[in-house]
Amino acid sequence: MSILEPDDFGDRWYVAGLNQIGHMVAGGAAVVVFGMVGAAICIAALELWQYYRRSAVKADTITDTAFWAYGMAFGTAVWFLPSVILLGGAWMGLVWYMSR
């Protein structure tokens with residue numbers, strides 16, 4: 001599993017949640033390192049590259065972008081880490097429920 005590998009994780013709900021937690025944390029870190037505009041440009045370029053060059057599934061691109069954006073928007077908030085754990089858990093449950 002890598003944050004640079006496109007994957008929709010189909011029936012691997014636990015890994016899907018961990019992957020999206022990684023996107024949220026990396027989104028917050030990208031804002032700290034590159035600033036909001038720089039992070040947005042880097043993340044958009046990465047997701048477009050994965051979609052057009054690495055054959056990522058559209059659903060993977062959309063969900064990755066949403067979790068990146070959450071991390072970018074709230075990465076410096078005090079309640080960020082608890083919310084990441086809750087959202088990641090909710091995502092794991094949703095993927096698990098849909099894959100049944």
Side-chain angles (χ1 to χ4, degrees):
M1 177 178 80
S2 168
I3 203 164
L4 299 176
E5 294 293 324
D7 192 348
D8 64 351
F9 298 102
D11 59 347
R12 296 174 296 156
W13 54 273
Y14 182 75
V15 179
L18 292 178
N19 179 267
Q20 297 309 344
I21 288 171
H23 281 86
M24 288 185 279
V25 172
V31 170
V32 171
V33 173
F34 301 114
M36 185 63 78
V37 174
I41 291 169
C42 291
I43 291 166
L46 172 66
E47 289 300 326
L48 289 171
W49 172 69
Q50 286 186 355
Y51 184 72
Y52 287 108
R53 297 290 184 191
R54 311 267 328 254
S55 302
V57 178
K58 187 183 282 187
D60 176 54
T61 302
I62 292 169
T63 55
D64 285 357
T65 302
F67 283 98
W68 278 112
Y70 182 87
M72 289 172 57
F74 302 109
T76 58
V78 173
W79 45 269
F80 178 66
L81 286 178
S83 70
V84 164
I85 293 166
L86 291 173
L87 283 173
W91 185 250
M92 289 179 201
L94 178 64
V95 172
W96 171 79
Y97 179 76
M98 291 174 58
S99 67
R100 292 181 19 193

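The shown structure was predicted, so the numbers you read here are calculated from the model rather than taken from an experiment. For this chain, numbers begin at 1 and follow the sequence in order.
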Write out all pairs satisfying side-chain hydrogen bond (donor to acceptor under 3.5 Å, both in side chains) with one or both partners inside residues 26-41, taking only residues at least two apart or from two chains.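 Not a single pair qualifies under side-chain hydrogen bond (donor to acceptor under 3.5 Å, both in side chains).
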Enumerate, atom names and distances included, each donor-acceptor pair closer than 3.5 Å involving a side-chain atom of residues 26-33, sequence neighbours excluded.
none

Test of understanding: clusters of I, L, V, M, F, W, Y form through side-chain heavy atoms closer than 4.5 Å, transitively. Do [X] and [Y] belong to the same one?
X: Phe67; Y: Phe80; value: yes
X: Met36; Y: Trp68; value: yes
X: Met92; Y: Val25; value: yes

Supply the atom-to-atom distance [X] [atom1] to [Y] [atom2], rounded to the nearest 0.5 angstrom.
X: Ile62; Y: Glu47; atom1: CD1; atom2: CD; answer: 10.5 Å
X: Leu46; Y: Ile41; atom1: CG; atom2: CD1; answer: 13.5 Å
X: Gln20; Y: Leu18; atom1: CD; atom2: CG; answer: 10.0 Å
X: Met24; Y: Ile85; atom1: CE; atom2: CD1; answer: 9.5 Å
X: Ile43; Y: Asp64; atom1: CD1; atom2: CG; answer: 10.5 Å
X: Thr63; Y: His23; atom1: OG1; atom2: NE2; answer: 7.5 Å

Taking only residues two or more places apart in sequence or in another chain, which ones pass side-chain hydrogen bond (donor to acceptor under 3.5 Å, both in side chains) with Tyr70?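 For Tyr70, the residues satisfying side-chain hydrogen bond (donor to acceptor under 3.5 Å, both in side chains) (neighbours in sequence not counted) are Ser83.
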Which residues end up grouped with Tyr52 if you chain together Ile, Leu, Val, Met, Phe, Trp and Tyr wherever their side-chain heavy atoms are less than 4.5 Å apart?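 Taking Ile, Leu, Val, Met, Phe, Trp and Tyr as members, Tyr52 shares its hydrophobic cluster with Leu48, Tyr51.
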Identify the heavy atoms of Ala56 and Thr61 that sit nearest to each other, and give their distance.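 Heavy atoms only, the tightest pair is CB-OG1, 3.8 Å.
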Holding to side chain to side chain contact (heavy atoms under 4.5 Å, CB included), I want the full list of residues that pass it with Ala40, two or more places apart in sequence or in another chain.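 If we apply the side chain to side chain contact (heavy atoms under 4.5 Å, CB included) test to Ala40, skipping adjacent residues, the hits are Met72.
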What residues form a side chain to side chain contact (heavy atoms under 4.5 Å, CB included) with Leu94, not counting sequence neighbours?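 So Leu94 forms a side chain to side chain contact (heavy atoms under 4.5 Å, CB included) with Trp91, Met98.
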